[in-house]
Amino acid sequence: MSTRARRAATKAPIVIESDTESEQEDSDPDGIFSSPDQPKKAKRAAKRPRAAGSDDSDFDESKVAELKHPVKRKAAAKSTETPVKKPKAEPKPKAVRKPREPKAPKAPKVPKEPKAPKVPKAPKATTGVKRSRKKVDTASEQPIEENAVAEIKSEEKTEDAPMSFDTSLESLPEEPVKTESVPSQFVPEPVKPDPIKHEIPDEVDSRPKYKKRISMTVREQWDDFELLAEMQNIDRRTARTIIKLFEEENTIPFICRYRKELIGDMSPDDLRDVKLAYNQILSIKSKADTIIKNLEKEEKLTEDIKQDLLCAKSLDELDHMYAPFKPANKGSLADRAKALGLDSFAEGILIGSMPTIDLPELVQPEVEGLETVEKIEEGIKHLMAHNFSKNTAVLEEIRRLITKYDIVLSSSQITRKPAAKEKEESNNNRNSKGISGMKRIPKKVDEHKFEHYFSFTCCTKYLRPHQIMALNRGENQKVLSIKLQFKDNVKGDLYWFLKKEYLQEGTASRKRTELFEASFDEAFTKKLVPLMSRTVRSDLTKRAEKASVEVFANNLKQLLLTAPVKGEKILGIDPGFNNGCKLALISECGDLLDTATIYPHIGGDRSKVAPGILANMMRKHSCALIALGNGTACRETESMLSYMMEEGILDKRFVRYSIVPEQGASIYSCSEVAKKEFPKMDVNLISAVSIARRLQDPLCEYVKIEPKHLGVGMYQHDVNEKSLSETLDEVVMECVSFVGVDINTASVSLLSHVSGLTAKRAEHIVSHRTKNGLFRSREQLLKVKFIGDKTFTQCAGFIRIEPLTAGIRDYNLLDSTWVHPESYTLAESIITRAGLSNKDIGRMDFILGIRDFAYRTPNSALPGMFNQTIERIECVLSALQRELLRDYRADINKPPMFKKGLTSMADLAEGTVLTGAVNNVTDFGAFVDIGVENNGLIHRSKMNGMRVNIGDQVEVTVLSVDVSKGRLGLKLEKILK
């Protein structure tokens with residue numbers, strides 16, 4: 001049955017009457033199955049008068065006809081209007097048959113009629129002469145074919161149709177004669193196209209490619225703001241605005257204080273996270289461009305691959321996509337099979353383009369790897385498993401399954417034999433070299449630190465960040481062995497996913513299914529399970545590193561914002577045993593007054609005279625405050641100070657001391673900044689100066705040290721250094737900008753951390769101050785080299801002009817406030833509306849007047865009153881309500897941190913109540929210095945619902961004491977005010 005007949009037969013006829021004659025007519029409405037001897041038109045005509053004159057007058061035949069052929073029935077309805085027009089109904093079906101003529105191009109010579117006049121197409125043949133010869137040679141055979149065609153057409157067409165075919169066929173033999181008369185016109189040209197149109201490349205390229213299959217998943221290319229909004233869960237409009245602000249080089253402190261209306265009152269911490277995410281997006285784009293350039297050079301880039309690379313949303317996804325194009329290890333099983341030429345065969349099995357799978361045909365006994373069918377199957381399975389693991393759709397499915405099912409992580413202690421342990425230590429000693437090629441002894445790993453994880457099992461979704469970091473460190477130090485356990489459902493879901501990806505298309509066969517299942521088993525065990533493990537571990541590490549950076553940033557902010565001790569002379573002590581305790585006494589402004597070195601802990605005469613040297617120095621300079629570093633020999637030195645107070649050597653009514661963290665002091669003492677400041681001073685004494693200044697003004701001193709050396713983080717040495725440094729630099733800039741700096745007294749180190757300034761610009765500011773005198777207004781900053789309008793906009797709001805240091809009387813008091821110079825006009829308008837004067841800025845009556853004005857005026861009326869946004873007006877009102885030149889860091893005047901006489905853990909007992917100071921806060925608790933050798937830990941479960949910060953003085957209860965391991969468990973009772 002032909003296609004036309006099959007289509008017509010599938011149209012179910014609607015039976016109007018039960019007569020057999022009508023059934024035959026309705027079952028073949030187009031007359032397809034009618035014989036040539038029986039005219040079709042007569043049947044159609046006989047049907048209509050009978051239906052019109054039958055008793056079923058209420059039956060609407062037109063509706064039935066519309067269900068079959070709506071176009072035909074419209075013509076038939078007109079023919080049934082009068083019985084006279086019955087014979088005219090015969091030619092009308094031609095309108096129905098005419099569109100069917102091109103649908104059945106059985107006669108190959110029907111399209112020759114339009115080809116005759118198109119003589120220019122002759123050059124497309126191999127030669128014009130050959131084409132004319134073929135037509136002349138076959139001219140005698142054409143009449144026979146034409147007669148056969150005419151007979152076939154006469155059976156299906158009316159008598160008029162074959163006549164038109166006969167006339168067209170008669171004219172065909174005359175065409176070659178005409179072409180022979182002008183063969184010379186086509187002889188030089190015909191050779192051009194046909195040699196290019198060979199069919200061999202078409203057969204090779206017709207097979208669907210595996211890489212193109214991967215891109216069948218619909219993916220959309222993203223914009224920066226779209227991906228940022230998705231990653232940070234913010235509005236797209238806000239994301240677009242934030243990106244624009246970052247592109248214009250606006251800093252986080254400037255945006256959070258003076259551009260609040262554009263970011264939706266986002267906090268600095270949230271904006272810092274957004275900036276880190278934006279930097280990650282830029283890294284993704286940069287890496288994608290690099291991969292695309294590399295693939296273009298290697299001529300491996302296609303539009304599908306390029307689109308997939310541009311749609312990737314993470315660096316891991318880009319690495320997974322680029323992995324198939326990297327040079328594989330020559331010793332890999334998949335690479336060996338590919339070298340044998342099995343890659344195209346394996347790909348054909350995957351995509352189902354092979355009608356039959358005949359592996360014996362590939363057997364070559366003389367070639368290694370192709371000797372038997374079994375070895376060929378192994379090679380094909382290696383290649384198919386390799387393709388499974390490199391499919392980007394598999395990576396997306398793995399990520400989906402990771403979030404769907406619970407994954408259990410288990411760790412155990414690595415047990416090594418003594419012989420293997422000694423061999424490993426000898427290898428470490430042999431490979432590790434110190435300065436000048438000398439061997440150094442590797443640091444011994446304390447395995448007891450990881451005893452909690454010797455038999456540890458937990459679901460990955462419940463792991464805490466500190467646990468992840470501890471597990472990673474234990475694994476890196478070869479103390480722990482970590483394994484992941486996946487549910488059986490993961491394998492089943494991956495199997496059905498890959499089966500849907502590959503086996504739904506192409507030729508199905510039992511051999512193809514067997515090879516697919518065997519390849520999947522191998523891929524799951526050797527490829528997919530390690531891939532899932534790496535993906536899970538990578539996600540866990542990223543989550544833990546992010547939490548560690550956040551903990552470090554919060555602790556650093558609290559440390560930098562520790563209250564200063566201004567207006568007092570301070571004695572700094574860097575404690576030590578054999579090298580002695582270094583003393584440095586500074587003035588109220590931080591200038592060095594006196595230095596000394598005492599040896600109170602080595603015995604002999606030096607130890608006896610040490611208290612007297614210290615007391616004489618304090619009396620000489622009228623100093624009553626001591627800053628003691630918390631390093632080596634801190635507790636012994638503290639015991640000496642307590643003894644001096646008890647014996648009256650120091651007047652305990654006036655003299656007090658404070659324990660100061662000294663992390664990074666030794667690093668600062670050897671830095672270039674310290675050498676420039678103290679070119680002729682001993683390095684050991686510089687650390688004592690730093691300790692004293694940390695108590696006097698922590699912010700000004702800590703900015704001289706790299707934040708990562710301050711020791712207030714959680715596993716900071718295991719975190720990505722670049723990410724940590726960027727975050728900590730942003731925190732330092734935020735703290736410096738929050739406090740503000742006096743441009744006439746600030747050092748280069750402090751100025752370099754002001755929003756918008758760099759170390760080079762800070763040096764130019766100090767140089768300009770030295771040559772031209774003190775700054776008297778903020779506008780004078782524009783006269784400094786490398787300070788333009790853009791830089792001035794970023795830094796002006798965070799720089800103050802203090803009249804006492806500048807030695808001036810007449811100046812704009814707004815230069816001493818938080819009001820930005822761009823809002824001076826707005827501030828003056830507010831002051832005028834409130835009925836106040838600029839000369840009273842900072843006084844209590846002025847502050848009360850601004851508060852009263854802000855309270856009386858509704859917020860809805862402020863934008864219309866001053867023609868500014870409500871956020872900008874509220875920023876100015878807040879700045880005008882602050883006391884002039886006041887340092888808003890908390891005051892350090894707190895109760896003593898330690899009880900006198902308590903210097904050893906052996907003196908502690910369970911249930912003892914102590915006071916101490918918090919010196920580090922982590923994800924799992926807080927460390928408290930209570931005056932003994934080691935810090936005590938308040939676990940997060942022992943906080944009693946309270947939250948502590950660095951520097952808080954707390955009252956704690958001792959829960960456990962382990963002197964051998966140096967562990968001290970505490971419980972928080974209250975935070976001392």
Side-chain angles (χ1 to χ4, degrees), residues 234 238 241-275 278 553-554 556-558 560-561 699 703 727 729-743 746 750-758 778-779 781 787 789-802 812-828 830 841-842 847 850 854 859 862-863 866 868-889:
I234 58 178
T238 304
T241 303
I242 291 175
I243 290 176
K244 185 177 180 181
L245 290 171
F246 286 150
E247 288 177 348
E248 294 174 354
E249 300 181 0
N250 292 288
T251 61
I252 291 179
F254 176 80
I255 296 173
C256 291
R257 182 177 291 184
Y258 300 114
R259 296 293 184 266
K260 284 184 179 180
E261 67 275 10
L262 301 179
I263 61 173
D265 290 335
M266 195 176 292
S267 66
D269 295 336
D270 296 337
L271 190 59
R272 196 184 311 118
D273 293 339
V274 173
K275 186 173 183 179
Y278 178 61
N554 293 333
L556 178 62
K557 182 186 296 186
Q558 296 165 12
L560 293 177
L561 296 179
L699 181 62
V703 294
T727 303
D729 289 342
E730 293 287 347
V731 171
V732 174
M733 181 186 295
E734 177 188 337
C735 294
V736 173
S737 301
F738 171 78
V739 175
V741 297
D742 182 1
I743 194 173
L750 190 61
L751 286 172
S752 61
H753 289 91
V754 175
S755 172
L757 297 182
T758 60
R778 286 172 170 172
E779 290 184 358
L781 273 172
I787 303 294
D789 294 336
K790 192 173 184 179
T791 304
F792 178 78
T793 302
Q794 296 295 316
C795 69
F798 308 105
I799 288 177
R800 300 192 308 267
I801 304 294
E802 296 189 7
N812 191 352
L813 287 176
L814 291 175
D815 287 340
S816 300
T817 64
W818 282 13
V819 180
H820 196 278
E822 67 182 6
S823 301
Y824 279 2
T825 305
L826 175 60
E828 292 173 355
I830 293 176
I841 292 177
I847 294 174
I850 294 294
N859 290 339
L862 291 175
F866 300 105
Q868 290 286 350
T869 60
I870 185 63
E871 292 82 3
R872 183 73 59 85
I873 297 172
E874 288 178 349
C875 179
V876 174
L877 288 173
S878 175
L880 293 177
Q881 294 178 44
R882 292 179 174 271
E883 295 182 21
L884 199 62
L885 306 178
R886 180 185 172 186
D887 194 337
Y888 283 87
R889 289 175 286 182

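Reckoned from all heavy atoms, side chains included, excluding hydrogens, waters and symmetry mates. Nothing here was measured: the structure is a model prediction, and the numbers come from that model.
- Side-chain atoms of Phe738 and Pro268, non-hydrogen and from C-beta on, never get closer than 4.5 Å to each other.
- The OG1 atom of Thr793 sits 6.5 Å away from the CD atom of Glu822 when rounded to the nearest 0.5 Å.
- Not a single donor-acceptor pair under 3.5 Å links the side chain of Ser755 to the backbone N or O of Cys795.
- Taking CG of Asp742 as the start and CZ of Arg800 as the end, the distance is 6.5 Å to the nearest 0.5 Å.
- When all heavy atoms of Leu880 and Ile847 are compared, the closest pair comes out as O-CG1, 4.1 Å.
- The backbone N or O of Thr251 lies less than 3.5 Å from a partner atom in the side chain of Gln794, making a donor-acceptor pair.
- Atom OH in Tyr278 sits 4.0 Å away from atom CD in Glu247 (nearest 0.5 Å).
- Ser878 contributes no side-chain N or O that, together with a main-chain N or O of Cys875, makes up a donor-acceptor pair within less than 3.5 Å.
- Here Ile252 contributes atom CD1 and Met266 contributes atom CE; the two are 10.5 Å apart, rounded to the nearest 0.5 Å.
- Using a distance-only test at 3.5 Å, with no hydrogens or angles considered, no donor-acceptor pair links the side chain of Ser823 to the main chain of Val819.
- Side-chain atoms of Leu271 and Phe246, non-hydrogen and from C-beta on, do get closer than 4.5 Å to each other.
- Once rounded to the nearest 0.5 Å, the distance linking OG1 of Thr241 with CD of Glu261 reads 10.5 Å.
- Within 6.0 Å of CD on Glu828 lie more than 12 heavy atoms contributed by other residues, nucleotides or ligands.
- In terms of the ring-ring contact (aromatic ring centres under 6.0 Å, His included) criterion, residue partners of Phe254 (sequence neighbours excluded) are, by chain and number, Tyr258, His820.
- Counting heavy atoms from C-beta on, the side chains of Phe866 and Val876 never come closer than 4.5 Å.
- With Glu734 as reference, Arg272 is the one residue of Arg257, Arg272, His753 to meet the side-chain hydrogen bond (donor to acceptor under 3.5 Å, both in side chains) rule.
- Residues Ile743 and Leu781 form a side-chain contact, since some pair of their non-hydrogen atoms from C-beta on lies under 4.5 Å apart.
- Between the CG atom in Leu814 and the CD1 atom in Ile841 there is a gap of 4.0 Å [rounded to 0.5 Å].
- The pair Glu874-Lys260 does not count as a salt bridge, with every side-chain nitrogen at least 4.0 angstrom from each carboxylate oxygen.
- When each of Ile255, Asn250, Val274, Leu262 is tested with Ile242 by the rule side-chain contact (heavy atoms from CB on, under 4.5 Å), just one qualifies, namely Val274.
- The number of heavy-atom neighbours closer than 6.0 Å to NZ of Lys244, taken from other residues, nucleotides and ligands shown, is 12 or below.
- Around the CD atom of Glu779, the shell of radius 6.0 Å holds no more than 12 heavy atoms that belong to other residues, nucleotides or ligands.
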